Amino acid sequence: MGTGEGVPPTGPGPESRARVRFDAINEGWALLQQQMGTWVLTTLITIIIVAVVAAIVRRIPVLNGLIIAIPEYLLLAGMARMALRQIDGGPIAVGDLFDTGDVVGHIVVAAILIAIGTTIGFVLCILPGIVVGGLWMFTIPLIVDRRLAGVDAMRESWNTLRGEVVMSALFWFVMFLLVLVGVVLCGVGVLLAAPLVVLSVCRLYRDFFPRTMASATDPPVPGVPPVS
């Protein structure tokens, strides 16, 4: 399989302050094209699993949103770990979607809190939901990349992006629109839109959190500690 080596980092260098930039979407698209088959199959599996869970819990109207959020975020975490591996120049495979066993508890906590927070935000005239969605968009990458606890990852993402609250909200909203357009296009478009969103967010994440040593997204290497 190919890697992300053909898409060099074009974000801020180590001496520059990272900024939210929409060029990350173009870079995400280039990465997606390199591994199109892998990403499409991974997304299809994700959609099927979430659809099955949704069908099972449809008779629990009060809690079904939270219940569905948990497998959604667990699979999203697997996709984020795949994306970071590709961005860092490593190989990826469909099976990586389920490589989140080391952070399951953290993801579940984050999934529940983010689902509640964004839902409340959207109820409050929509805009607050977009804002908190943008401020928390690095939560999952932080969990799979640096193994932060769910609440700690949410806090770190918030503190990192609060200085660019407008741009982060706009970026997150564009990601939301990409997925929405993919769903509208007979649902087929989401097979490209979903991985594009994950790759774009993770590419932007790497601007703010460069890979400086062995990462939790890599297979363990004896004697080399993961990023913490």
Side-chain angles (χ1 to χ4, degrees), residues 3-5 7-14 16-32 34-35 39 42 73-90 92 96-97 99-100 102-103 106-107 110-111 114 118 131-176 178-179 193-218 226-228:
T3 69
E5 295 175 356
V7 183
T10 58
S16 302
R17 178 176 177 272
R19 306 296 297 268
V20 174
R21 58 189 183 86
F22 286 87
D23 285 348
I25 301 174
N26 294 329
E27 294 166 23
W29 175 247
L31 289 161
L32 175 57
Q34 292 176 8
Q35 293 277 2
W39 279 112
T42 297
Y73 274 84
L74 286 170
L75 295 167
L76 175 62
M79 292 177 73
R81 182 162 276 180
M82 284 178 63
L84 289 169
R85 281 176 177 161
Q86 184 180 0
I87 290 166
D88 293 341
I92 62 171
D96 295 339
L97 178 63
D99 184 18
T100 54
D102 56 326
V103 290
H106 302 328
I107 296 166
I114 291 175
T118 52
V131 171
V132 297
L135 291 172
W136 283 335
M137 69 178 168
F138 288 163
T139 299
I140 297 302
L142 281 165
I143 291 174
V144 299
D145 188 43
R146 303 201 172 197
R147 293 196 179 98
L148 295 187
V151 174
D152 292 338
M154 292 173 69
R155 183 185 302 114
E156 183 69 16
S157 179
W158 185 290
N159 290 338
T160 298
L161 293 169
R162 65 182 179 180
E164 292 195 57
V165 61
V166 174
M167 290 298 293
S168 62
L170 286 173
F171 191 92
W172 187 89
F173 184 62
V174 170
M175 299 297 97
F176 173 80
L178 283 174
V179 175
L196 174 58
V197 166
V198 174
L199 285 161
S200 299
V201 170
C202 287
R203 184 63 200 86
L204 184 63
Y205 165 85
R206 266 290 176 255
D207 286 353
F208 289 82
F209 298 94
R211 183 178 182 273
T212 56
M213 58 190 300
S215 169
T217 60
D218 296 328
V227 174
S228 60

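Keep in mind that this is a model prediction, so the values were computed, not measured.
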Enter the distance from [X]:[atom1] to [Y]:[atom2] here, rounded to the nearest 0.5 Å.
{"X": "Glu156", "Y": "Leu161", "atom1": "CD", "atom2": "CG", "result": "9.5 Å"}
{"X": "Ile140", "Y": "Thr100", "atom1": "CD1", "atom2": "OG1", "result": "10.0 Å"}
{"X": "Ile92", "Y": "Gln34", "atom1": "CD1", "atom2": "CD", "result": "9.0 Å"}
{"X": "Met82", "Y": "Leu97", "atom1": "CE", "atom2": "CG", "result": "7.0 Å"}
{"X": "Glu164", "Y": "Leu170", "atom1": "CD", "atom2": "CG", "result": "11.0 Å"}
{"X": "Leu199", "Y": "Glu27", "atom1": "CG", "atom2": "CD", "result": "11.0 Å"}

Which heavy atom of [X] sits nearest a heavy atom of [Y], and at what distance?
{"X": "Thr139", "Y": "Gly150", "answer": "CG2-O, 4.3 Å"}
{"X": "Gly28", "Y": "Ser200", "answer": "CA-OG, 4.1 Å"}
{"X": "Trp172", "Y": "Gly133", "answer": "CD1-O, 3.1 Å"}
{"X": "Leu142", "Y": "Ala153", "answer": "CD1-O, 3.5 Å"}
{"X": "Met175", "Y": "Val197", "answer": "O-CG2, 3.5 Å"}
{"X": "Ile143", "Y": "Ala110", "answer": "CD1-CB, 3.8 Å"}

Pairwise side-chain contact, [X] with [Y], heavy-atom cut-off 4.5 Å (strictly under):
{"X": "Trp29", "Y": "Asn26", "result": "no"}
{"X": "Phe171", "Y": "Val174", "result": "no"}
{"X": "Leu196", "Y": "Trp39", "result": "no"}
{"X": "Met137", "Y": "Tyr205", "result": "no"}

Side chain to side chain contact (heavy atoms under 4.5 Å, CB included) test vs Asp96 passes for just one of Arg85, Gln86, Arg81, namely Arg85
Practice prompt. Step by step, work out the side chain to side chain contact (heavy atoms under 4.5 Å, CB included) result for Arg155 and Val151.
Written response: CA-CA 6 Å; Arg155 183 185 302 114; Val151 174; 3.6 Å; yes
Look only at the side chain of Ser168 and the backbone of Val165, and say whether a donor-acceptor pair between them is shorter than 3.5 Å.
-> yes
Can you tell whether the side chains of Asp145 and Arg206 come within less than 4.0 Å, N to carboxylate O? yes
query: Are any of the side-chain nitrogens in Arg147 or Asp102 under 4.0 Å away from the carboxylate oxygens of its partner?
result: yes
Tell me whether the rings of Phe138 and Phe209 are parallel (<30°), tilted (30 to 60°) or perpendicular (>60°). perpendicular
